[in-house]
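The next block holds one structure in the form of structure tokens; read it before the comments.
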Amino acid sequence: VEASIPEPQREAWQRNQVANFANKDGFEREVVRHVETTLARSMFNCDEVAAYSATSLAFRDRLITDWNKTQQRQTFRDTKRVYYLSLEFLMGRALDNAMLNVGLKDVAKDGLNELGFRIEDVIKQEHDAALGNGGLGRLAACFLDSLASLNYPAWGYGLRYRYGIFKQEIIDGYQVEVPDYWLDFNPWEFPRHDVNVDIQFFGHVNKTTNADGKTVSVWEGGEIVQAVAYDVPIPGYDTPTTNNLRLWSSKASGGEFDFQKFNNGDYESSVADQQRAETISAVLYPNDNLERGKELRLKQQYFWVAASLYDIVRRFKKSKRAWREFPEQVAIQLNDTHPTLAIVELQRILIDVEGLEWDAAWDIVTNTFGYTNHTVLPEALEKWPVGLVQHLLPRHLQIIYDINLYFLQKIEKAFPNDRDMLRRVSIIEESQIKMVRMAFLAIVGSHKVNGVAELHSDLIKTTIFKDFVQIYGPDKFTNVTNGITPRRWLHQANPRLSELIASKCGGLEFLKDLTLLNKLEQHIGDKEFRREWAEIKYANKVRLAKHIKDATGVTVNPASLFDIQVKRIHEYKRQQLNIFGVIHRYLTLKAMKPEERKKQLPRVSIFGGKAAPGYWMAKQIIHLINAVGAVVNKDEDIGDLLKVIFLEDYNVSKAEIICPASDISEHISTAGTEASGTSNMKFVLNGGLIIGTCDGANIEITREIGENNIFLFGNLAEDVEDLRHAHTYGSHTIDSDLDKVFDEIEKGTFGTPHDFGAMIGAVRNHGDYYLVSDDFHSYMETHQLVDESYRNQDEWIAKCITSVARMGFFTSDRCINEYGEEIWNVEPLPVERN
Ligand code: GPU
């Protein structure tokens with residue numbers, strides 16, 4: 001590590017090495033120093049925000065010394081690195097996680113206490129880093145935690161949005177979007193003004209002949225925008241490895257202003273140029289599982305991909321290796337198709353800038369990239385109009401055409417006389433408006449393609465990518481079932497349960513090897529253990545009940561069954577099925593005699609999630625949930641028997657309160673539509689049971705925990721197509737109980753029925769694409785089973801403990817090791833704690 005410092009100076013550097021704090025006194029000194037000097041405030045003027053800031057700065061200093069050593073070590077060893085390219089990193093809060101991962105939360109707690117603060121209040125001051133929409137962005141964040149915790153040499157690359165996912169407010173039952181300006185004070189990022197890349201857009205391509213008489217393409221003209229790096233340290237759990245997440249921010253190239261224009265007195269347009277440049281990284285697109293083909297989005301993609309590749313190539317070139325060694329040093333994972341242009345950009349760099357031959361370059365490219373698909377929904381598959389790509393990236397379009405040409409030539413040879421095959425697999429869709437099919441480009445340019453759960457990986461092979469399996473053979477396609485980090489989703493979110501588990505599983509080792517949870521099974525017969533388990537669940541429900549009271553004003557009884565569905569609002573995720581079910585329950589309760597009612601199990605139905613601002617139907621669903629809540633929650637016949645809650649602004653930090661508090665959670669997508677799901681894993685790991693369809697990772701969760709410990713219902717993926725066909729071409733009868741629910745809505749029981757006409761119409765008149773009616777009966781029956789099962793608390797708790805004991809498979813550490821072995825061919829670089 002010291003090798004980079006010249007011999008004569010080494011001693012002075014070593015003598016003055018920054019000493020990390022390791023105890024309460026050291027921590028307090030750092031906090032006070034930061035309050036006084038960095039924040040320029042005195043201790044008499046230190047509020048909770050300042051305490052948060054100073055605590056974060058103290059921990060950031062610690063992380064950064066580890067970060068420096070990690071980067072030096074990785075450079076010195078010159079091993080293969082992984083680069084995870086994702087347009088979304090849904091990190092949530094950093095402080096609590098940093099304290100736990102470096103093992104100094106107790107130190108900080110005591111220190112803050114002496115300084116007059118409660119650590120929970122300090123942690124709460126932090127604004128979530130919400131640079132993502134949902135599962136895809138959170139998966140990237142879990143992967144970063146695992147990569148660092150397992151000591152992989154790995155970097156994340158993303159965009160530093162000035163505005164993350166919008167803040168959701170509920171006003172009169174409707175979603176209202178408010179901008180999320182989160183960068184006001186962010187101690188977790190380091191601006192690297194010296195690390196910047198000029199990114200070119202527009203212009204034209206000239207062909208010229210170089211000195212060797214070779215024709216070369218030169219991309220000229222257009223405009224330049226500068227990418228500036230902001231680095232975020234990613235601490236591993238119980239290891240000094242601290243990896244880097246590099247986020248690019250856009251600014252006008254050539255500094256603050258165009259001085260030419262400025263001097264000419266054209267002040268306004270020079271400022272306008274600057275603002276236009278800054279627009280690129282201004283805002284995260286708020287769509288989940290939907291692509292809308294906006295030019296600015298394509299600009300974002302190229303900007304981020306080009307800056308990242310420049311950085312990766314620059315780092316590789318420092319090692320002075322031959323180009324053919326590139327894939328032995330670099331693995332790049334494409335998180336969905338959003339970074340697919342990286343394939344084209346690397347090919348461009350190799351042939352246009354570095355002068356490699358096409359074939360040699362293409363070999364390097366395809367051996368470097370891996371592509372992860374996260375959906376089969378057609379509306380989410382990215383396609384860009386050829387004209388737009390031509391305009392914005394003229395050289396890249398040429399390269400895409402060449403990639404496609406060579407690819408189709410191979411197909412023609414391998415499948416002679418199959419003209420339709422050529423049309424089907426072409427990277428260019430020959431429609432009215434010609435389109436570049438990004439998923440096909442990603443497949444052709446990668447050596448491995450993976451889905452994110454077994455069913456999903458099977459489905460992509462038999463549906464959307466079927467032809468490519470024929471072309472490349474089955475080995476190019478693989479599965480890596482998603483996982484979650486147990487550090488954040490158990491240890492941080494549910495410290496008491498983590499502690500109880502530790503007491504039965506030989507300490508906190510299970511956080512690094514989640515299969516150790518299986519030791520819990522031996523203790524299921526232990527009455528005292530079960531009592532403690534139940535007590536912790538109850539305490540977590542009390543915590544959520546308090547949050548519900550503060551956020552909505554509604555009092556819920558923590559002794560009720562807590563039934564939770566939190567995730568992005570989407571028709572395929574079927575929150576409408578859930579709320580129709582709630583209405584059915586309400587009607588059933590209302591129809592009962594008071595004596596009978598008293599025997600019913602009290603339940604709280606909790607919803608949370610954002611709708612994309614342009615997704616009208618999703619917004620109607622939110623409105624119906626709130627409209628039902630407004631009626632049910634004040635119905636005195638019903639009282640505690642049913643409460644309906646919509647929690648505003650669901651995000652990562654709220655999920656940390658919500659997940660530990662469920663009795664049952666809902667993962668009820670139409671079979672075959674949810675690629676994996678990851679909140680299903682979070683809820684089970686926190687000792688809640690789930691009701692779900694045979695979809696995504698629910699299937700593997702069932703395989704692991706046993707079918708007696710999960711409530712499955714509904715039609716299977718293999719039957720969906722026939723059912724849809726029957727709805728459209730046969731006679732379509734609606735489930736009679738569901739019909740009653742619709743009638744009640746139409747009577748105006750939940751406000752103006754007209755508001756919900758489209759939701760009902762989608763089922764009754766428009767083919768019920770998501771099979772709400774087909775699954776309704778089975779769904780309601782299964783909820784009956786849930787109620788009966790919950791009445792036997794002893795058995796219920798046993799089911800919960802058994803499930804947790806068998807969740808070892810779903811750690812993101814397992815995923816990362818699978819990617820490492822099967823896709824990246826990289827190994828960890830272990831270190832001793834110093
Ligand atoms: N996912 Br595509 C998103 O969150 N957003 C997207 O735009 C796309 C996929 C999700 C899947 O819906 C979910 O099933 C999966 O668990 C998650 O990606 C991570 O793979």
Side-chain angles (χ1 to χ4, degrees), residues 84 86-90 130-144 146 165 284-293 297 301 333-340 370-383 438-439 442 449-457 459-460 464-465 479-485 489 565-575 609-612 614-615 618 650-652 655 666-684 690 692-701 717 810 812 815-816 818-819:
Y84 197 78
S86 180
L87 257 194
E88 305 188 8
F89 287 95
L90 194 43
L131 307 185
N133 275 287
L136 174 141
R138 183 55 230 178
L139 185 75
C142 284
F143 281 6
L144 291 183
S146 285
I165 189 67
L284 165 76
Y285 276 90
N287 301 319
D288 184 88
N289 269 287
L290 178 72
E291 272 304 325
R292 304 188 113 219
R297 169 82 166 186
Q301 293 185 351
Q333 192 64 25
L334 306 174
N335 198 24
D336 214 87
T337 53
H338 316 144
T340 302
Y371 156 51
T372 306
N373 171 282
H374 294 266
T375 189
V376 294
L377 299 187
E379 65 270 30
L381 296 179
E382 267 189 301
K383 290 173 187 177
M438 301 309 270
V449 177
N450 75 284
V452 290
E454 273 176 19
L455 173 68
H456 169 66
S457 297
L459 282 174
I460 61 178
I464 53 176
F465 302 151
N479 171 249
V480 183
T481 298
N482 284 165
I484 57 173
T485 170
W489 294 112
Q565 186 176 19
V566 283
K567 50 185 84 231
R568 287 298 290 253
I569 312 294
H570 209 300
E571 286 164 281
Y572 89 79
K573 294 178 190 282
R574 296 203 295 191
Q575 283 91 355
K610 295 173 186 178
Y615 192 170
Y650 176 60
N651 62 13
V652 171
E666 310 236 356
H667 310 275
I668 57 177
S669 49
T670 310
T673 62
E674 188 71 275
S676 161
T678 43
S679 73
N680 40 10
M681 302 166 192
K682 290 164 200 167
F683 281 105
V684 179
I690 65 186
T693 44
C694 292
D695 200 19
N698 290 354
I699 296 170
E700 288 150 87
I701 292 175
F810 298 99
S812 46
C815 307
I816 289 303
E818 286 182 11
Y819 279 98

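Both counts, for ligands and for their atoms, begin at 1 and track the order of listing.
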Residue, atom name and distance, where the atom is the protein heavy atom closest to [atom]:
{"atom": "atom 4 (O) of ligand 1", "value": "Leu136 N, 2.9 Å"}
{"atom": "atom 2 (Br) of ligand 1", "value": "Thr375 CG2, 3.4 Å"}
{"atom": "atom 20 (O) of ligand 1", "value": "His374 ND1, 2.6 Å"}
{"atom": "atom 13 (C) of ligand 1", "value": "Glu674 OE1, 3.4 Å"}
{"atom": "atom 5 (N) of ligand 1", "value": "Asp288 OD1, 3.1 Å"}
{"atom": "atom 19 (C) of ligand 1", "value": "Asn482 OD1, 3.3 Å"}
{"atom": "atom 16 (O) of ligand 1", "value": "Gly677 N, 2.8 Å"}

Inset, instruction - Just go through Asn373, Leu290, Asn287, Asn289 and tell me whose heavy atom is the nearest to atom 7 (O) of ligand 1. - result: Asn289
Legend entry - Spacing of CD belonging to Glu88 relative to OH belonging to Tyr285, to within rounding of 0.5 Å: 13.0 Å
Going by heavy atoms in the side chains, are [X] and [Y] under 4.5 Å from each other?
{"X": "Asn287", "Y": "Arg568", "result": "no"}
{"X": "Thr340", "Y": "Tyr371", "result": "no"}
{"X": "Asn373", "Y": "Phe465", "result": "yes"}

Inset, instruction - Ignoring angles and geometry beyond distance, decide whether Lys573 reaches within less than 3.5 Å of ligand 1 through its nitrogen or oxygen atoms. - result: no
Legend entry - Geometric N/O contact Gly135 with ligand 1, under 3.5 angstrom: yes
I'd like to check which ligand 1 atoms, numbered from 1 as shown, lie under 4.0 Å from a non-hydrogen atom of [X].
{"X": "Ala675", "result": "14 (O)"}
{"X": "Tyr572", "result": "12 (O)"}
{"X": "Asp336", "result": "2 (Br)"}

Legend entry - Within-shell test, Val452 vs ligand 1, heavy atom, strictly < 4.0 Å: yes
Legend entry - salt_bridge(Arg574, Glu666) N-O dist < 4.0 Å: no
Looking only at non-hydrogen atoms, find the nearest pair between [X] and [Y] and report the distance.
{"X": "Ser669", "Y": "Thr693", "value": "O-OG1, 2.7 Å"}
{"X": "Gly609", "Y": "Tyr650", "value": "N-CB, 3.6 Å"}
{"X": "Thr673", "Y": "Tyr572", "value": "OG1-CD1, 3.2 Å"}

Inset, instruction - Let me see the working for His374 and Asn335 under side chain to side chain donor-acceptor pair (under 3.5 Å), right down to the final yes or no. - result: CA-CA 8 Å; His374 294 266; Asn335 198 24; 2.6 Å; yes
